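Predicted model, so just to flag it, every value in this text is computed and none were measured. Order of the sequence lines sets the chain letters (A, B, ...), proteins ahead of strands, with each chain counted from 1.
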6 protein chains.
Amino acid sequence: MRPSKRDAQDIRPVSLERGVSKYAEGSCLIRCGDTHVLCTASIAERVPPWMRGLGRGWVTAEYGMLPRATSDRTRREATAGRQSGRTLEIQRLIGRSLRAAIDLDKLGEVQITVDCDVLQADGGTRTASITGAWVALHDCVQWMKARNMVTQDPIKDHVAAISCGLYRDMAVCDLDYAEDSEAQADANFVMTGKGELIEVQGTAEGAPFSEAAFIELLSLARGGISRLVDLQKTAVG
Amino acid sequence: MRPSKRDAQDIRPVSLERGVSKYAEGSCLIRCGDTHVLCTASIAERVPPWMRGLGRGWVTAEYGMLPRATSDRTRREATAGRQSGRTLEIQRLIGRSLRAAIDLDKLGEVQITVDCDVLQADGGTRTASITGAWVALHDCVQWMKARNMVTQDPIKDHVAAISCGLYRDMAVCDLDYAEDSEAQADANFVMTGKGELIEVQGTAEGAPFSEAAFIELLSLARGGISRLVDLQKTAVG
Amino acid sequence: MRPSKRDAQDIRPVSLERGVSKYAEGSCLIRCGDTHVLCTASIAERVPPWMRGLGRGWVTAEYGMLPRATSDRTRREATAGRQSGRTLEIQRLIGRSLRAAIDLDKLGEVQITVDCDVLQADGGTRTASITGAWVALHDCVQWMKARNMVTQDPIKDHVAAISCGLYRDMAVCDLDYAEDSEAQADANFVMTGKGELIEVQGTAEGAPFSEAAFIELLSLARGGISRLVDLQKTAVG
Amino acid sequence: MRPSKRDAQDIRPVSLERGVSKYAEGSCLIRCGDTHVLCTASIAERVPPWMRGLGRGWVTAEYGMLPRATSDRTRREATAGRQSGRTLEIQRLIGRSLRAAIDLDKLGEVQITVDCDVLQADGGTRTASITGAWVALHDCVQWMKARNMVTQDPIKDHVAAISCGLYRDMAVCDLDYAEDSEAQADANFVMTGKGELIEVQGTAEGAPFSEAAFIELLSLARGGISRLVDLQKTAVG
Amino acid sequence: MRPSKRDAQDIRPVSLERGVSKYAEGSCLIRCGDTHVLCTASIAERVPPWMRGLGRGWVTAEYGMLPRATSDRTRREATAGRQSGRTLEIQRLIGRSLRAAIDLDKLGEVQITVDCDVLQADGGTRTASITGAWVALHDCVQWMKARNMVTQDPIKDHVAAISCGLYRDMAVCDLDYAEDSEAQADANFVMTGKGELIEVQGTAEGAPFSEAAFIELLSLARGGISRLVDLQKTAVG
Amino acid sequence: MRPSKRDAQDIRPVSLERGVSKYAEGSCLIRCGDTHVLCTASIAERVPPWMRGLGRGWVTAEYGMLPRATSDRTRREATAGRQSGRTLEIQRLIGRSLRAAIDLDKLGEVQITVDCDVLQADGGTRTASITGAWVALHDCVQWMKARNMVTQDPIKDHVAAISCGLYRDMAVCDLDYAEDSEAQADANFVMTGKGELIEVQGTAEGAPFSEAAFIELLSLARGGISRLVDLQKTAVG
């Protein structure tokens with residue numbers, strides 16, 4: 001029995017609220033249960049130095065957590081003077097995932113930065129960030145289209161993500177914090193709207209896990225991500 | 001004529017939403033027009049080293065802005081590796097203001113950290129932070145009272161803040177960004193519920209200003225803060 | 001009775017020694033009692049990036065304290081790896097104050113950096129820095145005039161500063177450290193030679209203070225600054 | 001055809017040279033083709049603060065590359081002032097992988113730090129680090145056993161790692177740099193001697209990949225890791 | 001002919017002004033021509049961690065330059081976020097030199113920090129720092145003696161320093177900046193009052209130099225340091 | 001009697017292994033007894049900003065130690081966030097020494113960076129770095145010659161270095177760690193192939209030392225460096 005009473009394949013209630021920022025070219029507040037992430041997409045005319053003059057665009061991501069997004073207050077990274085390894089790892093993952101959704105050649109020589117700031121954390125902040133960031137990125141591209149900044153649609157497909165894990169010897173979908181903190185294994189999956197894989201990250205927390213267990217997690221993820229993509233379609237439709 | 005059509009003494013619509021955080025001991029989302037600040041109060045058992053063993057508490061504040069809280073995206077301070085001078089100045093101001101509201105001797109040897117994170121900025125973020133932070137601090141103290149962590153009420157009075165300025169030769173109350181960016185003078189006032197001064201910070205932006213003009217700003221601030229204190233009373237009442 | 005036996009409106013003995021640096025385009029060693037600040041003004045051909053090509057100049061300030069300028073040795077900021085919030089706040093204040101003294105359009109596209117380094121601290125280091133920095137800035141502009149680098153005098157007026165406070169329920173002018181450390185309220189005032197306000201920063205240290213008390217501090221400051229401006233006139237005359 | 005003429009399932013020539021450090025309690029220089037990593041295991045009496053007094057040990061890893069380990073010189077991280085996101089991600093991966101190999105309760109309250117320093121890089125530095133680090137860790141534990149610092153063997157199993165990828169539409173094992181730089185997908189696998197999974201990290205570089213392709217990579221990895229574990233057994237036998 | 005018209009063996013006019021700091025336990029403003037260094041000695045009860053409980057003292061030094069101590073303004077190290085390699089090298093040299101002057105066992109478990117801050121630089125700042133720092137250290141020890149903090153005199157001997165160099169093929173003593181900037185070789189010597197060596201640092205700037213030339217520099221240094229020690233004796237006598 | 005049984009003038013067994021890096025334009029692994037340093041020379045088209053457009057080259061050096069190069073594990077400088085004063089001092093010394101070996105005008109506008117990374121340390125790492133770095137630099141220049149990047153040979157002479165010291169009242173050559181850690185005085189000498197001096201750095205560790213003792217160290221160094229230069233000639237011959 002899961003702490004939230006959900007069945008093994010159930011994801012938490014999800015809402016995708018678009019246009020929440022007065023300034024950003026695209027924005028989305030995603031709520032997956034008690035995990036809330038504010039995603040904003042910002043356009044800049046400058047691409048990174050190694051891309052200048054190539055006529056291609058770039059998409060990157062940054063991730064942060066408010067200090068009291070967590071059960072115990074976490075030290076603010078701006079006062080610590082550096083982003084933690086965990087933060088850097090997550091924002092690299094979000095960036096790679098978003099770039100798989102977009103044809104950078106069609107974007108023109110601009111950079112889109114998607115900021116994912118966790119207002120409240122209850123497990124799955126990195127996967128919620130990806131799912132919400134895609135909506136912000138989509139709306140940013142719409143904003144560009146409305147201004148004739150792009151001629152062909154650079155969005156190739158949906159991208160969404162979910163974590164699955166082994167909790168008390170059972171494979172379950174969309175771990176919340178109560179489950180995540182005692183999971184035996186934990187895996188994050190990022191997929192396209194067509195169900196192909198972009199990123200897979202699985203970690204044994206206690207004992208190592210079998211290939212069969214991993215395949216089961218992958219199967220649960222496919223179902224959860226399919227539901228998230230449907231929600232994205234409804235949101236931007 | 002103000003860009004927002006407000007009269008000189010009018011403040012923007014203000015809402016104070018309590019209990020917005022699942023985890024924080026006290027929290028408040030303050031909205032002053034399009035300026036939105038999430039304030040959370042967190043208790044820790046540890047006071048700063050120089051206060052250990054004295055039996056007194058401490059209240060401190062931290063301030064941050066989401067990168068796209070502003071019209072143009074601002075660099076994330078965690079990636080810059082340090083808080084800017086502006087940020088440090090603001091969080092020192094918030095901390096001093098809150099400590100004026102509370103009897104540290106009655107708090108017991110705990111530290112309360114109030115985080116003020118600007119989700120959206122349209123002028124007056126530091127004063128909105130103070131007004132909202134007081135509510136979060138109040139609720140944190142209520143939380144302590146409910147657990148018998150304090151025996152006497154450490155809250156001495158309300159604390160609220162507002163900025164006033166000279167805009168096109170007219171003294172106006174509660175500057176928004178459109179006014180702030182071309183104000184001739186700008187002053188922030190922090191006052192108690194009884195109308196006494198805690199902090200005064202006035203700056204000439206272009207030409208220096210006269211004592212008479214300054215007194216006029218102070219008078220407008222008194223009115224605005226009085227209304228904010230009424231809203232705080234309603235919110236926590 | 002003040003520890004220094006001064007009357008309420010008395011400032012400390014002040015000396016302004018010009019030309020103390022072999023290299024700087026303008027320099028002044030200001031002594032306000034036991035507070036000694038070495039101010040040097042340096043010209044650079046480069047303005048900050050956001051001002052390039054506009055034909056306007058820029059004036060900025062930096063502030064520092066020698067480690068043993070204080071009663072107890074303070075950690076050197078260069079070893080701490082960053083300037084403290086207090087330092088950043090002070091150097092921003094000095095910079096804003098000096099820019100109020102000068103017409104940047106008439107300066108031409110150069111940057112003047114005024115360094116204020118506290119050799120010995122006995123209260124009022126930021127206000128002494130402003131008063132001394134104005135002299136260094138003035139002499140730097142004279143240096144430019146002598147080389148025909150400016151055609152019209154960019155200096156608009158004198159700028160000087162003083163702190164006043166409530167000490168044992170009495171409003172007093174020009175706090176020294178013995179007073180400052182137990183003042184009930186402390187306010188810094190920056191004014192022009194004509195007596196107009198550039199900056200006002202008042203802080204309640206213990207109990208909040210009344211508007212009447214604040215007006216009294218402002219009045220004392222006006223007297224003190226008037227005497228400092230006279231000393232500046234004598235020094236540069 | 002692979003650039004190295006290897007068959008799809010072939011790993012590069014591997015050597016594991018033990019005892020290469022005069023000082024370290026365990027050490028191994030691993031060479032996987034032209035990728036050379038020096039791994040040293042160091043014992044310290046201090047565990048991290050959150051583990052003190054629990055009687056359990058800790059194993060952690062650090063990773064670095066000499067500046068000219070790469071084709072173009074890379075900036076030294078010590079001069080950059082921080083470890084890159086890539087470095088932090090890799091050393092976190094190595095640490096997690098090693099902890100899966102060891103029973104921390106049986107280790108006693110000591111910390112073992114395994115440093116993996118890449119002397120020369122030709123692809124697969126993180127997986128080579130894990131395979132070599134296990135040998136250094138093993139020898140460090142032997143060193144402890146010889147001194148009666150542990151009573152029961154804390155080593156639970158072998159741990160080794162390899163990267164596989166899709167190169168010109170073919171699944172291949174043990175990517176070298178020439179393959180890695182144009183791979184369509186790239187996955188790192190960490191497994192135990194029994195063939196169970198510890199970590200899985202797959203990334204689409206260009207187009208997303210199918211589940212079937214991923215399963216094929218996993219199968220290749222199983223073969224490669226099996227060979228690496230045999231080499232570890234020979235080395236420490 | 002030297003730019004300053006001095007003979008080869010002549011040092012610049014030197015003054016040693018004691019007691020220049022209101023707060024420091026020992027202080028000295030040394031002027032060697034236009035090189036001016038403010039040296040303060042500060043006592044702390046805490047020794048570095050590796051020396052605690054041993055009953056021995058420690059002497060350390062820090063070095064800094066005001067930004068406009070030099071002909072062109074130098075960036076403030078506190079804003080750069082780190083001390084330069086040159087600064088670290090110099091303060092390590094000063095510390096080692098001072099520790100050669102003192103019997104740390106007789107000092108008791110205290111740390112003396114000598115800050116050497118260059119107010120104006122015209123060559124030879126590191127050697128002037130050492131000569132002046134010895135006076136500050138001496139007076140600090142006198143201060144301790146007057147309070148019975150030491151029972152035996154920990155000062156073993158004088159320590160002073162000078163730079164010599166090859167300027168236009170001539171060996172000269174006490175280089176000023178005009179000479180230093182075009183010297184063929186440059187050597188700093190630190191000696192005791194008895195004329196024994198503590199530190200020797202010689203560097204070829206252009207062509208390498210012969211042993212004979214080096215011996216000649218050493219001989220000049222002996223003469224110069226002897227005069228500096230006489231001046232120290234007069235100052236503290 | 002020296003711990004290594006060597007006679008006073010004996011250096012340790014030295015090997016110079018060239019071409020150890022697959023990528024670097026020049027490389028050398030130097031082993032002096034148990035001190036092992038990997039030296040790589042890397043060419044870059046960019047010279048430092050202050051040298052651009054002058055047509056001259058630049059040679060610089062960086063130095064690092066693997067964390068477990070030493071008897072006790074040393075903290076990795078990349079995690080500490082800065083290079084230590086010792087590291088900066090050493091790499092400045094190596095850079096100056098190498099620049100004395102080369103005619104920068106004949107090098108053309110390129111920068112050569114020589115990285116010296118200590119794999120294992122048993123005393124004398126800075127002097128071994130210089131001796132090995134010269135070989136890497138030499139081979140890098142040969143690489144340039146083979147590609148007609150230089151028209152005249154920029155190498156002026158050999159450069160090698162050794163440390164000598166007073167150990168148990170005896171002057172000895174090429175200190176190892178056992179001697180270095182209890183030496184009364186320690187001096188590093190850098191010389192050309194012709195026996196002229198480039199750098200001299202002598203330090204009294206306990207009591208100051210006499211000029212006669214220093215001359216004796218210099219004489220021993222001359223012999224040791226002569227042997228090192230012979231080994232360099234054999235290596236590159």
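- Highest contact tally toward chain F, considering only D/I43, D/D122, D/T79, is held by D/T79 [criterion: heavy-atom pairs under 4.5 Å].
- For the pair F/E77 and D/A78, the tightest heavy-atom approach, listed with the atom from each and the gap, is CB-CB, 3.7 Å.
- In this structure the side chain of D/L66 reaches within 4.5 angstrom of the side chain of F/L38, judged on heavy atoms.
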Test side chain to side chain contact (heavy atoms under 4.5 Å, CB included) on F/D117 and D/D117; report intermediate values, then the result. CA-CA 11 Å; F/D117 283 276; D/D117 283 277; over 6 Å; no
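- Closest approach of F/E62 to D/R76, counting heavy atoms only: OE1-NE, 2.8 Å.
- If you tally non-hydrogen atom pairs under 4.5 Å between each of D/L119, D/T87, D/T113 and chain F, the highest count goes to D/T113.
- In terms of non-hydrogen atom pairs under 4.5 Å with chain D, the most contact-rich of F/R82, F/H36, F/K22 is F/K22.
- Of the two parts of F/R68, the backbone and the side chain both hold a non-hydrogen atom closer than 4.5 Å to a non-hydrogen atom of chain D.
- Comparing D/A80, D/A41, D/S27, D/A121 by heavy-atom pairs within less than 4.5 Å of chain F, the highest count is held by D/A121.
- In this structure, D/Y23 places its OH atom where more than 12 heavy-atom neighbours from other residues, nucleotides or ligands lie under 6.0 Å away.
- By the 6.0 Å contact criterion, CZ on D/R86 is enclosed, its count of non-hydrogen atoms from other residues, nucleotides or ligands being greater than 12.
- With a threshold of 4.5 angstrom between heavy atoms, F/T40 approaches chain D through side-chain atoms but not through N, CA, C or O.
- Only the side chain of F/Q120 comes within contact range of chain D, with at least one heavy atom under 4.5 Å from a heavy atom of that chain.
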